[in-house]
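Lettering of chains follows the sequences in order, A, B, ..., and the numbering in each one begins at 1.
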Amino acid sequence: MAEDLHLEEQRPERMTLSIGPHHPATHGVLRVKLELEGETVIKAEPETGFLHTGIEKTAEHLTWNQATTVMDRMDYLAPISNNTGYVMAVEKLLGIEDRIPEKARVTRVILLELNRIASHLVGLGTGGLDYGNIGTPIFWAFELRDRILDIFEHTTGQRMNPSYMRVGGLAYDLPHNFKEMVEDFLKIAPSRIQELKDVMLNNPIFVDRAKGVSVITYEQALRYGLTGRNLRVTGSDYDVRKYYPYLGYENYDFDVPVYTDGDSWSRTAITFDEMFESLKIVRQALDNLPWDDRHIIDDRKLVLPPKQEVKHSMEALIHHFKLVQHGFDVPAGEVYQAIESPRGEIGFYVVSDGGNKPMRVRVRPPSFYAVYSLPVLLEGYMLSDVVGAIATIDPIFGEVDR
Amino acid sequence: MDIWMTLLMLVVKALVLAISVTLAVAVFLLFMRKVLGYFAYRVGPVKVGPWGVLQPIADVIKMLFKEDIIPVQADPLIYRLSPIIAFFCALGVWVVIPWAPRGSFWSSMSDPNAGVLVMLAIAAMGVYGVALGGWASQNKYGLLGSMRATAQMISYELAMAASLLGVILWTGSVSMFDIVDKQREVINLFPQFLGFLVFYTASLAEAAWTPFDLPEGETELVGGYHTDYGGMRFGLFYLTELTHAVNSAVLTTTFYLGGYNPWFGLTMIPGFVWFLIKVALLVFVLYWIKCTFPRFRYDRLMVFGWKVLLPVAALNLVGTAIYVALWA
């Protein structure tokens, strides 16, 4: 505070305004220190760390499978992405990624894409709210997202933090009506998303406020390490799903929407396009879902034996005991696995020393880089654009601070 | 004796007016919550009373029982005064509104022959409440909100008054009753369509309603001018805002939709009821707008006010003047 006052004495025409850490528009706990001249932003300084939870450190004290539960809690809007990314990194370390049953892989794709839609819906809804539309977008978006959460609840037992992925596959098999639930969602989703798009995207006031505002160029985006939507609006088509395919993404037919303006409007428009692409992927994946396949790898060293067998077989009992008490060991080594989360490339750098716990889990959070590109997005624009810029880059602070 | 009687009647009338306007605003508050709810796949309030009808009363009771806090850095006198000024000016507009045809005792609070000017003057004073409120609370968000409010209200007042000039020319009088009576056959909406558009837009801006709700800008400025207000002082600001919105509907009804004059020749419905029907219709449009539009940006707001609304209002005025001079 003292330095702020000092600054105001030096430049009396400037005002220092602190947006956050608790401010309705910061979507969590971001603080942006703004220097204003009138309503124009001269200088912006993001400050993070208010939600530090020590997830990376916590993971070092949990066994390989237990650590999936804390991964959920980073990006709480896209928990499936975090889960899958981490689990795939561990599978890579174990060298079993080719042995994952097809059903688990396809289910992962379906849930990942549904999760992408759910996360984008929250971003759009709260973004609409930040642009001052208090009535419709947020409720329309949340209503649709709730249907996705219902699917998650029914499939995984949890709405927000499912922890459904396990090393080797899925925690348990899909419910019998999984296909019908997703079909029902696919039936209503396109028209609902289109409705939301009609209300938000082409509204003249919104176009007026978002077009050509908070522009970031391709070079700047690369320099700040942006990925995902925030990079693709600058003309790049970098998408981990296309460049480094995982889970068989190379077999699905989908496009990567690209915009070239790098402004807030493109960041909103691309979100809608990505949701439609995700629906396409879900459609294809659902058609290819091998229903009678195993949901998890058949490996007694990694997966608990069926309960019935434990009661009769000595070997199964030993495996059960060993997995519950100790977990499994992962050969020493280090690995980097990136997947495309709704916010961009989320990378897991996992190191094992050969024990039953990770030695180090380092996460590359896409939001973190997006937040620190805020000075580019804010300086020279107006106070109202600050809110829009924060809303359209859509950061999640659980992930930024970890 | 006579003068005392008149004075007493005036006080009674004023009390009845103030209470009924406040009650009407409470009804519109419930109406708003219900409409906003249905727009958003919700049902609005349902818990307090049947169908949630007692919700506004519950809101007011909550406000009244909150602790009254005055920030240390605030200017205590102005801090206390500004919500009162704001609410008083919002209520004051109703003094000149004609409810029912001339002649009845209850047809309006008063009938000055320059009613339009009185209305404009009182409405213009409303900016003091907002400007002083943000300034007195010594809060940066509040200050920014006040600055925005002041600039916005003064700019849009101009467009509003300029569009009303068309109506005044068309009627040939500045009395509110004359303006309404003139619309017995044809409501002003048709001959003064441009003026209507400008007036309605400007009155939204005067009320700081969406898409012109920059003074509060809850996502940018937390609460704008009432960031540091709590309890019933905030409640008064909130009521003021709603009253302003209802005022916008009431004034548009009076100037452009024919006030108490019946539509479609349905004279069996009393004028007062017609007036309320039209107001309710316009209030619904207000909520519709609130659900549909995002907020303007400050610079675009100024551009829109000065470069779009004001020239259109001037065009409307010139057109009306030529017509009145040549044919009327």
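- Annotation: residues 228-246 of chain B contacts chain A through no residue [non-hydrogen atoms, separation under 4.5 Å].
- No side-chain heavy atom of A:Y131 sits under 4.5 Å from any side-chain heavy atom of B:R295.
- At a 4.5 Å heavy-atom cutoff, the contact between A:V387 and chain B is made by side-chain atoms alone.
- Shown here is B:Y128, whose OH atom has no more than 12 heavy atoms of other residues, nucleotides or ligands within 6.0 Å.
- For the atom pair CG of A:L17 and CG of B:L143, the computed distance is 10.5 Å after rounding to the nearest 0.5 Å.
- Within a 6.0 Å radius of CE in B:M147, other residues, nucleotides and ligands contribute 12 heavy atoms or fewer.
- Using a 4.5 Å heavy-atom threshold, the side chains of B:R300 and A:S384 count as separate.
- Shown here is B:W209, whose CH2 atom has more than 12 heavy atoms of other residues, nucleotides or ligands within 6.0 Å.
- Close approach to chain B, defined as a heavy atom under 4.5 Å from one of its heavy atoms, is seen in A:N203, A:I205, A:F206, A:D208, A:R209, A:V213 of residues 203-217 of chain A, taken by number.
- Listed for the A:T136 side chain is a donor-acceptor partner under 3.5 Å among the backbone atoms of B:C291.
- Using a 4.5 Å cut-off between heavy atoms, A:I19 contacts chain B through both its backbone and its side chain.
- Taking OG1 of A:T40 as the reference point, atom OH of B:Y298 lies at 10.0 Å (rounded to 0.5 Å).
- Separation of atoms CG (B:L36) and CZ (A:F139) is listed at 8.5 Å; rounding is to 0.5 Å.
- A pairwise comparison of heavy atoms in A:W140 and B:F39 identifies NE1-O, 2.9 Å as the closest pair.
- For the pair B:L144/A:M15, a side-chain contact is recorded, criterion being any heavy-atom separation below 4.5 Å from C-beta on.
- What you find for A:T16 and B:K140 is that their closest heavy atoms are O-NZ, 2.5 Å.
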